[in-house]
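Atoms within each ligand, like the ligands themselves, are counted from 1 in listed order. This one's a predicted model, so the numbers in the text were calculated from it and none came from an experiment.
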Amino acid sequence: MTASPGGRRRIVVVGGGIAGLAAAFTLARARHQGAPVEATLVEAAPRLGGVIQSEQVEGCVVEAGPDSFLAEKPEAAATAREMGLGDLLIGSNDRERRTYILHRGKLQPLPDGLMLLVPTRILPVVTTPLIPLPSKLAMAGDWFHRPRPDGPEDESVADFVTRHFGRGMLENIADPLLAGVYGGDSGRLSVRSVLARFWKMEREQGSLTRATLKAMRQRRANSTGNPPPLFMTLKGGLSQLVAKLVAQLDDTAVRLGRRVEAVERSEANYRVRLDDGTTLDADAVILALPAHSASRILDGLGPALAARLAEIPYSSAMTVSLGFEAGQVAGLPPGFGFLVPAKERRRLLACTFVHRKFPENVAEGRGLLRCFMGGSRDTEVLSLSDAEALETAQRELREILGLTAQPLFARIHRWPDSMAQYVVGHVERLRTIDAELEKLPGIYLAGNAYSGIGISDCIRTGRAGAERALAGVRG
Ligand SMILES: Cc1cc2nc3c(=O)[nH]c(=O)nc-3n(C[C@H](O)[C@H](O)[C@H](O)COP(=O)(O)OP(=O)(O)OC[C@H]3O[C@@H](n4cnc5c(N)ncnc54)[C@H](O)[C@@H]3O)c2cc1C
C-alpha cells in the first residue's frame with residue numbers, strides 16, 4: 001500500500017455524523033499512540049454531528065434528531081464513558097414506562113408482557129382491545145409452530161408477523177412499533193435484518209413464544225441486580241458526545257462545509273474530489289455517509305458497487321418539539337408516549353412525553369412533547385411549511401390527547417432521506433456490496449445503511465472502518 005512522502009498513511013473520512021466522528025476519533029487516538037497516520041475529515045454541512053443536534057430551550061433539552069440510544073447495545077454508552085461523560089449518562093425512567101397505541105381514536109396501553117411483539121403473559125394479551133380475536137387465536141397457535149430450518153431466506157416483516165400472530169397484531173402493534181423506529185413500511189422491511197432475533201428463533205425453535213420465554217428464563221438466571229434501563233441518553237443532550245469527540249480531533253484536518261463529489265483512482269491510490277475543485281490524496285477512504293451519498297461518490301470508481309448502494313432506500317423524518325407549562329400537560333396519561341398505526345390515518349407516527357421518559361432533561365415546571373412525522377408512510381411531510389407542520393402537530397395532539405394549551409415554544413426539524421430501510425434481500429445485498437468492496441482495497445463503508453441504524457451501530461461501524469483502514473499501518 002502506498003503512503004505519503006513522509007511515510008504517513010493518509011486516511012480521509014467523508015461524513016461528520018456520529019459514524020464519521022467515531023472513525024476520525026479512532027484514527028486520532030491511533031496517531032497519539034504513534035501510528036503514522038494523517039487523517040482528514042470532510043463534512044458537507046457547516047456543523048458536525050449529522051442528525052444528532054441538541055438545543056437548550058428554557059431549561060429543556062430539545063433533541064432535533066435522535067433522543068436516546070438502546071442500552072442493550074453497548075457502544076454509545078461506552079464511547080460516552082471514554083469521553084469522560086459517564087456521569088451524564090441517564091437511563092429512561094422505566095418506572096413510568098408505558099406506551100400507548102392509538103386504536104379507533106383512543107389511546108390503549110400496549111399490553112404488559114409483550115416482548116416487542118411476542119406475548120409472554122396471557123391475561124394482558126387476552127384482555128387488550130388492541131389484539132382482535134383472530135390474532136389472539138393465532139397467538140395461541142404459535143405455541144405449536146415447528147422449527148423451520150429450511151424456512152425462507154428472507155421475507156417481509158408483514159408476512160412473518162401475520163404468519164405467527166395474525167393481521168391484527170401486525171396492523172395494531174408491529175407496524176406502529178417499526179414506523180416509530182425506522183419510519184418504515186412492514187410490507188417492505190426485511191424480517192431477517194430488522195427482526196433478526198425472531199427470524200433465527202423461527203428457524204431453530206419454531207414457536208416465537210416458546211423461544212422468547214426460554215430466552216427470558218435464561219436471562220433471569222444469569223442476571224444479577226436490577227435490569228438496566230431500556231433507553232439511555234446524556235443529561236444535557238446527545239450533542240455533548242459530538243462535542244467531546246470533536247475535541248479529540250486536534251491533529252485531524254477538518255474540512256467543514258465541503259461536499260465530496262467523487263473518489264477516483266490515482267497514482268497515490270485514491271483521489272478525493274471536493275466541491276470547491278480541490279482534491280485530497282488518500283491511501284484509504286472511509287465513507288461514513290448515507291448509502292445514497294456513498295453511491296453517488298463511488299459511481300465512477302465502482303459502478304456495480306454504486307448501483308447496489310443506490311438500492312438501499314431511505315425515508316425522511318420530521319420532529320416537532322413543543323414545550324409547555326407543566327400544569328398544561330399534567331393530565332396526559334401516565335407513560336412515555338404513544339404510537340399511531342397507519343389505519344388511524346394521522347400524520348403523527350409517534351409522540352414522546354420527554355418530561356416523563358427523561359425528566360432530568362426537562363426543567364421543573366415544564367413539559368416537553370416530541371412528535372415524529374414522515375417515514376415511508378408519509379413522504380410529503382417535509383414539504384409542509386413550519387406553520388403547517390406546527391398546526392398539524394397541534395391539531396392531532398388536541399384530537400388525540402385533548403391538549404388545547406398553546407406551547408411556550410416549538411422547534412421543527414427536517415431530516416430528508418436520513419433513515420435507512422433494510423428492505424427484503426438486505427443481507428444478500430450486503431454480501432454483494434462486500435464482494436464489490438474487495439475490488440477496491442482501501443475503501444470502507446460506515447453508517448446506518450448496513451448493520452443497524454441506531455447510534456451504537458453507527459459508532460461500531462465507524463470505529464471498525466477506522467481499525468480496518470489502520471490495519472495497513474499496524475501490520
Ligand atoms: C429523526 C431521527 C430520530 C432518530 N432517533 C434515534 C434514536 O432515538 N436512537 C438511535 O439510536 N437512533 C436514532 N436515529 C438513527 C440515528 O440517529 C442515525 O442512524 C445515526 O445518527 C446516523 O449517523 P451517521 O453518521 O451514519 O449519519 P448522519 O448523521 O446522517 O451523518 C452523515 C453526514 O454525512 C454528511 N454528508 C453527506 N453527503 C456528504 C458528502 N458528499 N460529502 C461530505 N459530507 C457528506 C452529512 O452532511 C452528514 O453530516 C434517528 C434518526 C433520525 C433521523
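An N or O contact shorter than 3.5 Å is missing between Ala64 and ligand 1 by distance. In terms of N/O distances under 3.5 Å, ligand 1 is approached by Glu43. For the pair Asn448 and ligand 1, the shortest N or O to N or O distance falls below 3.5 Å. Taking any N or O of Gly447, backbone or side chain, none lies under 3.5 Å from an N or O belonging to ligand 1.
Proximity of Arg258 to ligand 1 is established by a heavy-atom distance of less than 4.0 Å. Within the 4.0 Å heavy-atom shell around ligand 1 one finds Phe372.
Among Asp457, Thr319, Leu21, Val260, the residue whose heavy atom lies nearest to atom 42 (N) of ligand 1 is Val260. With Val42, Leu274, Leu289, Ile52 as candidates, the residue nearest to atom 37 (C) of ligand 1 on a non-hydrogen basis is Leu289. With atom 32 (C) of ligand 1 as the reference point, the heavy atom nearest to it among Ala288, Ser418, Gly20, Gly454 is part of Ala288. The closest non-hydrogen atom to atom 30 (O) of ligand 1, taken over Val13, Ile18, Val51, comes from Val51. Scanning Ala19, Gly452, Ala44, Ala76 for the heavy atom closest to atom 43 (C) of ligand 1 points to Ala44. Comparing Met419, Gln53, His292, His413 against atom 51 (C) of ligand 1, the shortest heavy-atom distance belongs to Met419. Closest heavy-atom approach to atom 9 (N) of ligand 1 among the candidates Ser68, Gly49, Ser316: Ser68.
Salt-bridge annotation for Asp275 and Arg255: absent, with no side-chain N of the basic residue lying under 4.0 Å from a carboxylate O of the acidic one. Salt bridge status for Arg366 with Glu58: present, with a side-chain N to carboxylate O gap under 4.0 Å. Remark: Arg308 does not engage Glu436 in a salt bridge, criterion side-chain N to carboxylate O under 4.0 Å. At a threshold of 4.0 Å, the pair Glu264-Arg271 counts as salt-bridged, since one of the basic side-chain nitrogens sits closer than that to a carboxylate oxygen. Using a cutoff of 4.0 Å between basic side-chain nitrogens and carboxylate oxygens, Arg347 and Asp378 are scored as salt-bridged.
In terms of protein heavy-atom proximity, atom 27 (O) of ligand 1 is closest to Gly17 CA, 4.7 Å. Protein heavy atom in closest approach to atom 11 (O) of ligand 1: Ile455 N, 2.9 Å. Among protein heavy atoms, the minimum distance from atom 16 (C) of ligand 1 is reached at Ile453 O, 3.3 Å. Atom 5 (N) of ligand 1 has its closest protein heavy atom at Pro66 CA, 3.2 Å.
Of the heavy atoms in Val14, only side-chain atoms (C-beta onward) come closer than 4.0 Å to ligand 1. Contact annotation: for Cys458 versus ligand 1, heavy atoms closer than 4.0 Å belong to the side chain alone.
More than 12 heavy atoms of other shown residues, nucleotides or ligands fall within 6.0 angstrom of atom NZ in Lys343.
A 4.5 Å side-chain heavy-atom check between Val61 and Glu360 finds every atom pair outside the cut-off.
Ser451 and Arg460 share a side-chain donor-acceptor pair at under 3.5 Å. Defined by atom type and a distance below 3.5 Å, a donor-acceptor pair is missing between the side-chain atoms of Ser68 and Thr233. A donor atom on one side chain and an acceptor atom on the other are not found under 3.5 Å apart for Asp154 and Tyr422.
Across Leu170, Leu189, Leu208, a single residue satisfies side-chain contact (heavy atoms from CB on, under 4.5 Å) together with Phe160, and that is Leu208.
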